[in-house]
Amino acid sequence: MVLVVALLLPWAVATGAINGATRGLLELRERALDERQSAERAQVRARAHLATTLLLAATAVGLLTVGAVSGDAPTAYAAPVLVTVLAVHWLMPLWVAGLTAQDEPAEDDGLEA
């Protein structure tokens, strides 16, 4: 429990920084986004879904391998692993958005040389 409390503050700060870097891409309502942002949000969610799927597959293979090697069912590992995977699944779109964030397009001021 102490570990959770100790990690909560850095987690909140990191999440705020990522939300700031992505300009709230995943937090804003769809009607508040322009076409480019909406397409970027869809791409981020697709990448996050793929990453989470691969993580879940690797976790399942890992648990089955540990169970086969030790001869026991991996019940002792199941609950912590499932909670961790759930947290990663919840945060993966935010992480992908933060890693793929692009600068805003330059404003066209209408002045031509």
About how many Å separate OG1 of Thr84 and CG of Leu55, when rounded to the nearest 0.5 Å?
9.5 Å
Co-membership, hydrophobic cluster, residues Trp90 and Val96, 4.5 Å side-chain:
yes
Under 4.5 Å between side-chain heavy atoms, counting indirect links through other Ile/Leu/Val/Met/Phe/Trp/Tyr residues: same cluster for Leu7 and Val5 or not?
no
As a test of understanding, state which of Gln43, Arg36, Gln37 forms a side chain to side chain donor-acceptor pair (under 3.5 Å) with Glu40.
Arg36
Is the side chain of Thr53 donor-acceptor paired with the backbone N or O of His49 at a distance under 3.5 Å, no angle test?
yes
Check side chain to side chain contact (heavy atoms under 4.5 Å, CB included) between Leu56 and all other residues, then give those that pass, not counting sequence neighbours.
Thr52, Val85
